[in-house]
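The analysis underlying the following values was restricted to heavy atoms, covering all of them including side chains, and did not include hydrogens, waters or symmetry mates.
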Amino acid sequence: MRYISFTDDPVTPPDEIFMKEALREAEKALEQDEVPIGAVIVSKGKIIGRGHNLTERLNDVTAHAEMQAFTAAAGYLGGKYLKDCTLYVTIEPCVMCAGASYWTQISRIVYGAEDEKRGFSKINSIITHPKTEITAGVMQQECATLIKDFFLKKRK
């Protein structure tokens, strides 16, 4: 596991530093012809979990980037709760991943681009933990472009 700390780059805001790492994970998914979504989980300024979509490779509809990152972070911490952690994900989490975030009790979710069709914010109920802070739109353009380009190529 590669550890990145926001103190490594005092100029770039921490949210951008860690979203760039999530984008690196999304690029790994793209290389495997998976929907390019990536996620990292940060605790105390260090990445403790990483994930990218593996739904095609694993033939598993639940193998989303966030789920992979939750599992990795819980393994690192030795427990299922991710209090005082932040999830950085390139696309707004779906209902399944937002629901899983509730059970982890993660403190913060930061996402890049909105998922206009399947994002959790499109439903009319609170699905994340009530104490979870949500930050949207970090590096939105870069995150949106990666996934839009992927689907444009698929439709050709």
Donor-acceptor contact below 3.5 Å, side chain [X] vs main chain [Y]:
X: N53; Y: A29; value: no
X: T90; Y: G38; value: yes
X: E16; Y: M139; value: no

Using every non-hydrogen atom in the two residues, find where [X] and [Y] come nearest and quote the distance to one decimal.
X: V138; Y: C143; result: O-SG, 4.1 Å
X: R108; Y: V110; result: CZ-CG2, 3.4 Å
X: A72; Y: G49; result: CB-CA, 3.8 Å
X: F120; Y: A98; result: CB-CB, 3.5 Å
X: V40; Y: A22; result: CG1-N, 4.0 Å
X: L82; Y: A74; result: CD2-N, 4.0 Å

> Under a 4.5 Å cut-off applied to non-hydrogen side-chain atoms, are I127 and V95 in contact?
Replying inline: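 Sidechains of V95 and I127: in contact.
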> If we only count heavy atoms from C-beta on, is the Q32 to E56 side-chain gap below 4.5 Å?
Replying inline: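 They are not in side-chain contact.
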> Is there a salt bridge (Lys or Arg N to Asp or Glu O under 4.0 Å) between K28 and E25 once you walk through the steps?
Replying inline: CA-CA 5 Å; K28 290 178 185 177; E25 288 296 315; 3.0 Å; yes
Let me confirm one number: the [atom1]-[atom2] distance from [X] to [Y], rounded to the nearest 0.5 Å.
X: M19; Y: Y88; atom1: CE; atom2: OH; result: 8.0 Å
X: D33; Y: K154; atom1: CG; atom2: NZ; result: 3.0 Å
X: S101; Y: M67; atom1: OG; atom2: CE; result: 9.5 Å
X: L87; Y: I41; atom1: CG; atom2: CD1; result: 5.5 Å
X: Y81; Y: I106; atom1: OH; atom2: CD1; result: 14.0 Å

>> Does E27 form a salt bridge (Lys or Arg N to Asp or Glu O under 4.0 Å) with R24? I'd like the steps, not just the answer.
In response: CA-CA 5 Å; E27 289 167 2; R24 284 188 180 95; over 6 Å; no
> Which residue, K148, E142, Q141, forms the side-chain hydrogen bond (donor to acceptor under 3.5 Å, both in side chains) with T145?
Replying inline: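 In the set K148, E142, Q141, the residue that makes a side-chain hydrogen bond (donor to acceptor under 3.5 Å, both in side chains) with T145 is Q141.
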>> Connecting only ILVMFWY residues whose side-chain heavy atoms lie within less than 4.5 Å of each other, what is the rest of L58's hydrophobic cluster?
In response: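 Result for L58 is L54.
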